[in-house]
Amino acid sequence: MKLFAANWKENPKSEKEALKLFRDTGKVKRNNKMEVAICPPAIYLEEISRVCKKVKTKEGLSLGAQDVFWEDKGAFTSEVGPKMLRALGVKYVIVGHSERRKWMHETDAMINKKIKLALADGITVILCVGEPLSIRKKGIGAAKKFVAGQLAKDLKAIKSGNKLVVAYEPIWAIGTGRYDKPEDVRAMATFIKKLLNGKHHQKARFLYGGSVNSKNIADYVQYKEIDGALVGGASLKVDECKKIITILSKI
Ligand code: PGA
């Protein structure tokens with residue numbers, strides 16, 4: 001089952017546009033062998049969740065959040081906990097995106113706490129990992145080592161069962177139009193799945209993210225090791241979403 005996870009980031013500017021984008025993406029015809037998970041900004045989740053419950057094609061259409069806090073309630077100004085997300089029907093949460101690691105100085109220890117509580121509250125985690133260009137320049141081996149280090153810290157003392165999705169997003173490929181070679185991504189997928197297997201994440205899925213669009217997605221998802229994509233920029237364009245969903249539905 002392939003997964004198309006749409007990371008809208010801080011877009012669009014209004015709820016009206018967000019609802020339109022959600023409806024237009026949600027109604028694209030797809031088969032039951034794929035799932036579309038839309039991750040809008042938190043402020044739109046409630047209204048989108050209301051619309052989502054009403055749409056006829058709800059099956060295979062899920063809601064995701066872009067972040068979550070590591071406590072369910074308390075004196076934590078501005079934070080949103082997993083129980084609050086669950087109450088809105090949120091199934092997935094993105095944790096550890098490189099933009100949060102960079103701009104919000106999120107550490108692996110913070111990410112670890114977020115994952116623990118999200119899983120305990122029944123939300124499937126999309127954990128983002130990926131190396132900077134300086135590491136990748138040293139080769140795919142160095143990238144694997146970097147990613148293994150992130151996974152070890154982010155997943156320390158965690159059992160995820162079937163509720164973990166690892167999104168490999170090389171930082172240099174995010175929003176840049178430069179995407180990773182499909183065969184390198186496949187090697188990374190094999191490496192990560194092998195690493196997690198035998199630990200506590202046997203059923204972890206693997207997504208690729210980084211300048212994915214309708215023209216290159218097929219090159220990634222052709223491999224059985226790659227379970228789908230986490231898509232930023234292209235997920236804001238309905239035409240692109242249509243093409244991506246059509247491609248994934250044919251696999
Ligand atoms: P992009 O973003 O598709 O715009 O490169 C992907 C992501 O950051 O999740």
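By convention here, the first residue in the shown sequence is residue 1. Each ligand, and each atom within it, is numbered from 1 in the order the structure gives. In this text the structure is predicted, and so the values were computed from the model without any measurement.
Gly177 and Ser211 make their closest contact through N-OG, 2.8 Å (heavy atoms, listed as atom of the first residue, atom of the second, distance). Considering all non-hydrogen atoms of both residues, Lys144 and Ala187 come closest at CE-O, 4.1 Å. Taking all atoms of both residues into account, the shortest heavy-atom contact from Val231 to Ala234 is CG1-CB, 3.7 Å. Closest heavy-atom contact between His97 and Glu169: NE2-OE1, 3.2 Å. The two atoms that bring Ile226 and Ala189 nearest to each other are CG1-CB, 4.2 Å, heavy atoms only.
The Gly210 neighbourhood of ligand 1 comprises atoms 5 (O), with distances under 4.0 Å to a heavy atom of that residue. Atoms of ligand 1 found under 4.0 Å from any heavy atom of Gly175, numbered from 1 in the order shown, are 1 (P), 4 (O), 5 (O). If you number the atoms of ligand 1 from 1 as listed, the ones under 4.0 Å from a heavy atom of His97 come out as 7 (C), 8 (O), 9 (O).
At least one heavy atom of Ser211 sits less than 4.0 Å from an atom of ligand 1.
Counting heavy atoms under 4.0 Å from ligand 1, residue Asn7 touches it through the side chain alone.
Closest to atom 9 (O) of ligand 1 among all protein heavy atoms lies Glu169 OE2, 2.7 Å. Closest to atom 4 (O) of ligand 1, if we only count protein heavy atoms, is Gly233 N, 2.8 Å. In this structure, the protein non-hydrogen atom closest to atom 2 (O) of ligand 1 is Lys9 NZ, 3.3 Å.
With respect to Pro82, the side-chain contact (heavy atoms from CB on, under 4.5 Å) criterion is satisfied by exactly one of Asp121, Val90, Val125: Asp121.
Some N or O of Gly232 is nearer than 3.5 Å to an N or O of ligand 1, by distance alone. Every N/O-N/O distance between Thr176 and ligand 1 stays at or above 3.5 Å.
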Check against side chain to side chain contact (heavy atoms under 4.5 Å, CB included), Lys138 and Phe146: CA-CA 11 Å; Lys138 295 180 190 157; Phe146 182 91; over 6 Å; no

